[in-house]
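The next block holds one structure in the form of structure tokens; read it before the comments.
Residue numbers begin at 1 in each chain, while the letters A, B, ... track the order of the sequences.
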Amino acid sequence: MVSSIMSETESHRIDPTLADEPAVAMATLVSATGGGSSSKKIGAKMIVGRSGRIVGGVTIGGCVDARVIEAADALVDEGGRRVLSISLDDDEAWEVGLTCGGTVEVVLDRVGPRDEHDPILAANAAVDAALARDEAAVIVTPIEGELAVFVSAEDGTRAGTLGSAALDAAAEAAAVSVMHTESRVETVNGRRYFFDRHAPPMTLVIVGAGQIAMSLSTIARELEMRTIIVDGRERYATRERFPDATEIRVGMPSEIVASITPHARVAAILVAHDYKYELPVLRHLLRTPIGYIGMLGSKTRGAAVRDELRNEGFTDDELARIHSPIGLDLGGKAPPEVALAILAEVIAVRNGKRA
Amino acid sequence: VTTYRAIVLEHFRRPKNRGRLENANAESEGANPLCGDRIRVQAEVCDGVVREARFTADACALCIASASMLTEHVRGMTVEAAGAVGQEAIHRMLEGTPPPARTRCVTLPVETLRRALGEFMER
């Protein structure tokens with residue numbers, strides 16, 4: 001039996017280890033209510049093959065997964081779709097105070113990995129195409145009833161259909177807000193649909209190729225984030241120092257940063273600790289829709305940089321976008337500890353938590 | 001605040017000739033590899049005279065002040081005269097001499113302009 005970790009950015013794909021199966025069951029976590037602490041992120045998937053192979057999972061501890069696997073085995077043999085509503089309350093666990101609590105809803109679909117007309121595979125291909133363009137896409141499927149698949153990508157590209165042009169248009173409108181938040185269930189024309197969001201990984205633009213940047217790029221790789229190391233100094237920004245970086249760019253930092261599309265999935269992390277880079281980079285970034293701007297330095301130094309920019313005409317609202325001191329206050333001083341605090345803050349901001 | 005310091009800060013906060021020069025026909029980029037100062041100096045040369053000079057830089061205050069004063073200073077000069085401008089001219093305009101450790105901050109724009117004009121002359 002194969003069981004592997006499925007990354008969030010690859011969760012729509014059928015794992016290669018299952019590609020030779022004639023049919024597999026794809027279980028998708030579409031909602032979690034109540035306690036919910038044991039559920040994975042909405043949209044989490046588990047693929048179950050006829051051979052017994054399993055990839056991914058829909059709960060952290062696997063308490064629900066066994067029931068999903070049981071249903072998946074039947075689905076692969078019999079076809080159709082299944083919607084499982086599973087209570088996480090367990091009588092015995094409740095008595096000792098160890099119950100998870102809440103209810104999760106899991107939808108199971110049958111997929112033919114070798115069927116070139118399979119609608120889910122076609123939707124996955126449309127998602128792959130969007131991700132290759134560095135754009136998000138949303139797969140829309142009804143929760144109950146016959147399978148239908150519609151894909152709406154960030155650039156307006158569409159694929160598949162829910163059955164009518166009007167329904168597709170309504171789903172596309174609802175997909176816009178999902179595109180920038182998280183996967184969820186939405187009601188369209190009185191019927192429940194799952195909006196499954198797939199977005200490219202976050203990109204960290206790290207200005208300043210010092211030791212904190214080195215730790216940032218290493219930890220970011222584990223978090224499936226892309227890293228672009230930016231510095232004006234060739235001796236610092238080297239592949240030897242940054243083996244985990246996605247990209248290393250040497251030149252005028254403000255021009256390099258200006259060449260990167262600053263959308264919501266990009267975080268700029270200024271760790272040069274040098275105004276010569278900070279000011280020109282901030283002048284560019286503060287009036288873009290970039291998702292996060294953080295700058296290394298004390299409160300006093302952060303205030304001085306803000307004052308300098310305020311005198312140039314930047315507003316308080318614009319200056320409030322700068323997270324400085326950067327990172328959550330974890331109390332660490334070593335470069336890896338500071339890097340961890342910075343990435344914790346980036347994740348908190350991305351997830352809409354106070355940071 | 002000394003006059004030298006006031007001049008540096010004035011040019012850093014309100015630099016002359018910062019930005020791209022659309023009609024440039026001479027251009028070079030320079031860097032101080034350890035401190036990380038980066039500058040691009042552009043010039044428009046017509047009939048052997050520097051009609052316009054501008055710069056783009058991610059650099060320290062002294063380097064930006066030097067570039068600001070230099071690009072003002074060379075406007076209207078012949079290419080030969082502009083290429084011969086040295087750090088002494090910048091020191092005079094600064095009304096002071098930077099500490100030895102900061103010499104490269106002043107000379108980076110000077111050397112970059114000289115290289116741009118030299119390459120222009122070789123064409």
Are A:Y275 and B:F12, when compared by the centres of their aromatic rings, separated by less than 6.0 Å?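 Here the rings of B:F12 and A:Y275 have centres that are less than 6.0 Å from each other.
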So which of A:G251, A:P280, A:A272 has the biggest tally of heavy-atom pairs under 4.5 Å with chain B?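 The residue among A:G251, A:P280, A:A272 with the greatest pair count is A:G251.
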Note: vs chain B, highest number of non-hydrogen pairs under 4.5 angstrom among A:E234, A:M252, A:R235 is A:M252
Region of [X] that comes under 4.5 Å of a non-hydrogen atom in chain A:
X	result
B:R13	side chain
B:A57	backbone
B:I39	backbone

Would A:V305 and A:M295 count as a side chain to side chain contact (heavy atoms under 4.5 Å, CB included) if you check the C-alpha gap in whole Å, the side-chain angles of each, and the deciding distance to 0.1 Å? CA-CA 10 Å; A:V305 168; A:M295 182 179 71; 3.8 Å; yes
If you measure from the Lys or Arg side-chain nitrogens to the Asp or Glu carboxylate oxygens, is any gap between B:R40 and B:E29 under 4.0 Å? yes
In terms of relative ring orientation, are A:Y292 and A:H323 parallel, tilted or perpendicular, with 30° and 60° separating the classes?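 Parallel, since the angle between the ring planes stays under 30°.
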Counting heavy-atom pairs under 4.5 Å with chain A, which one of B:C60, B:C63, B:P33 comes out on top?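 Option with the greatest count: B:C60.
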Over 12 non-hydrogen atoms of neighbours within 6.0 angstrom of CZ in A:R133: yes
Does A:I228 offer a backbone N or O that forms a donor-acceptor pair with the side chain of A:E247 under 3.5 Å? no
So, the part of A:E278 with a heavy atom under 4.5 Å from chain B: the answer is neither
